[in-house]
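Start at 1 with the first residue, then count along the sequence. If you're wondering where the values come from, they're calculated on a predicted model, not measured in any experiment.
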Amino acid sequence: MCHGITCSTNNLPIVGEGSFDCAPNTNISIGEACALTCNEGFYLAYSSQAVCEEEMTNQGGLWSDGSFVCHAIKCFTNNLPTVSEGSFDCAPNSNVSMGEACTLTCNNESYPVYSSQAVCEAGIPNQGGVWSNGTFVCRRLNCSEWNEWNGSEYKLISTSQTWEESRQLCESNSSHLVTIENKEENIFVRKMVWLCYQFRWTWIGLNDRTTEGIWKWSDGTVSTYRNWGVGGASGGHADDCVAMFGEDRQ
């Protein structure tokens, strides 16, 4: 009696952070293969398939020799972009796991104009991680001119005036009092106010002049992000307009 040569999938190698695509408790015919797939965040380092082969002793089949390893996707911090007037907050000569980020910090009176974080991402299949694409530039703040950040421009006006006068002045210059949509933009605006007008109040566009308690920006959009200071938004018609204080905090 002749038996077909097969390999049991239960005898496939055990691979940490990966698995073969053949069903367990089954037999695979000679010449057929099971492919190794690594879990998310890991990449295949060496062999990708286990093939059922004939054993020389006529005792059935066995899986082909191979090195089946799934390595964690990591990015080397020494491969981060070099940025004049700034540096990333990840330690040099270290590895960062996929999905983790290194944040760009600019020196002294500079700020990140575009991207502020480099994220470790999966790169070319089976070759580890790469840093996300981004434009990493630190630029010195100009307290008397327009400053570009993330596709928009910002300017501080030094004259002392009411919120309404400030709104009208901005509109006469084809702009509006600043709208702050997220934490990153708030950090930038606060740094600008701090560096240029330390310990002074500066009007921003947030207000509830139309309906008490309904906070909108001067361009009419409803506020979805707020970061009140101590004692902020106390309510009442005497507190309809919002100013930012120049201090070194987020």
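- Closest approach of Gly128 to Ile73, counting heavy atoms only: C-CG2, 3.9 Å.
- The two residues Cys138 and Ser84 make their nearest non-hydrogen contact at CB-O, 3.5 Å.
- Looking only at side-chain heavy atoms (C-beta outward), Thr202 and Met192 stay at 4.5 Å or farther from each other.
- Asn27 and Ser8 make their closest contact through OD1-CA, 3.5 Å (heavy atoms, listed as atom of the first residue, atom of the second, distance).
- Residues Ser67 and Tyr46 approach most closely at O-CB, 3.1 Å, considering heavy atoms.
- Judged by distance alone, the side chains of Tyr111 and Glu148 never bring a donor and an acceptor atom under 3.5 Å apart.
- Checked for salt-bridge contact, Arg139 and Glu85 miss the test: no charged N lies under 4.0 Å from a carboxylate O.
- Paired with Tyr43 under the rule side chain to side chain contact (heavy atoms under 4.5 Å, CB included), one option of His71, Met98, Lys74 passes, and it is His71.
- Contact check for Trp131 versus Glu121: no side-chain heavy atoms found under the 4.5 Å cut-off.
- Summarising the local packing, CG of Asn133 is surrounded by 12 or fewer heavy atoms from other residues, nucleotides or ligands at distances under 6.0 Å.
- For the residue pair Thr103/Gln117, the side-chain donor-acceptor check at 3.5 Å is satisfied.
- The side-chain heavy atoms of Trp217 and Ile204, taken from C-beta on, include a pair separated by under 4.5 Å.
- Summarising the geometry of Lys191 relative to Cys106, their closest heavy-atom pair is NZ-O, 4.0 Å, with the distance given to 0.1 Å.
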TODO: Quick one: do Leu169 and Gln161 satisfy side-chain contact (heavy atoms from CB on, under 4.5 Å)? Show the steps, please.
DONE: CA-CA 10 Å; Leu169 177 61; Gln161 51 198 347; 3.3 Å; yes
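- In terms of modelled atom types and a separation under 3.5 Å, the side chain of Asp21 and the main chain of Ala35 share a donor-acceptor contact.
- Atom CD1 of Ile14 sits about 10.5 Å away from atom CZ of Phe20, to the nearest 0.5 Å.
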